[in-house]
Amino acid sequence: DAKTTQPPSMDCAEGRAANLPCNHSTISGNEYVYWYRQIHSQGPQYIIHGLKNNETNEMASLIITEDRKSSTLILPHATLRDTAVYYCIVRVAELSSGSARQLTFGSGTQLTVLP
Amino acid sequence: DAGVTQSPTHLIKTRGQQVTLRCSPKSGHDTVSWYQQALGQGPQFIFQYYEEEERQRGNFPDRFSGHQFPNYSSELNVNALLLGDSALYLCASSLGWSAEAFFGQGTRLTVV
């Protein structure tokens, strides 16, 4: 699976949009971008994933650049409860011999939402 | 739906002992993965079970073993505990190959 690079920490004012960047310059054509977050003392929580088109769900939006080498997770109106470590992960979506099945977590970005 | 449940929530063991951690997957999920998370680090993949077989394994020694039962629940066993095994152990369930995994709250293991 491709390696990802994220800033170690970011702050965001409550009510404002939080934009979390991720670089994945070695991503392959069959790899998706997944975002998870981990609130302190809890297990990671799936947020969203995408291949090459922008995606939106009730939690967040995912913007993937045209060359797919980077992406941005957007929390449109951050709240204090969004304070967490956010992980960007790339992984193949189709099973084939030798494909990695695991989610490879890096160090993530610690997002702190300030009141 | 209870989601992914893990037991126990906390555990203290002595170096050299053995421990068994348990996981019940989310209803409808058939695949269980285990992760170890040391303090201040991201989760590290231990192994994944599907159809009662270990399908993939991370870089962990043979002291770490597992099992999946016909009802898809799973156990993680760690033998000859070391101080360095102290960590949060996370269970994640998914449907088949999907990377949309649901994680439990974890078991906090402390080895003294």
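- In terms of heavy atoms, A/P44 sits closest to B/L90 at CD-CD1, 3.8 Å.
- Counting heavy-atom pairs closer than 4.5 Å to chain A, the top-ranked of the candidates B/R108, B/Q41, B/Q48, B/Q6 is B/Q48.
- A single hydrophobic cluster is seen to contain both A/Y87 and B/F103, as judged by linkage of ILVMFWY side chains at heavy-atom distances under 4.5 Å, directly or through other members.
- Both A/Y32 and A/L103 are members of a single hydrophobic cluster when ILVMFWY side chains are connected at heavy-atom separations under 4.5 Å.
- A side-chain donor-acceptor contact under 3.5 Å links A/Y36 to the backbone of B/A101.
- A continuous path of ILVMFWY side-chain contacts below 4.5 Å connects A/I47 to A/L62, so both sit in one hydrophobic cluster.
- The candidate with the highest count of non-hydrogen atom pairs below 4.5 Å against chain A, out of B/P43, B/G40, B/G42, is B/P43.
- In this structure, the side chains of B/E100 and A/I48 stay at 4.5 Å or more apart for every pair of heavy atoms.
- Annotation: B/F47, atom CZ; neighbour count of heavy atoms from other residues, nucleotides and ligands within 6.0 Å is above 12.
- We find the CD-CG distance between A/Q38 and B/L88 to be 7.0 Å, quoted to the nearest 0.5 Å.
- Taking hydrophobic clusters as Ile, Leu, Val, Met, Phe, Trp and Tyr residues chained together by side-chain heavy-atom distances below 4.5 Å, B/Y72 does not share a cluster with B/F102.
- Hydrophobic clustering (side-chain heavy atoms under 4.5 Å, transitive across Ile, Leu, Val, Met, Phe, Trp, Tyr) keeps B/L39 apart from B/F60.
- Using a 4.5 Å cut-off between heavy atoms, B/Q44 touches chain A through its side chain atoms alone.
- Put simply, the side chain of B/Y35 never gets that close to the backbone of A/Q102: no donor and acceptor are under 3.5 Å apart.
- For B/Q105, the parts sitting under 4.5 Å from any heavy atom of chain A are the backbone and the side chain alike.
- Heavy-atom neighbours of B/I12 CD1 from other residues, nucleotides or ligands within 6.0 Å: at or below the threshold of 12.
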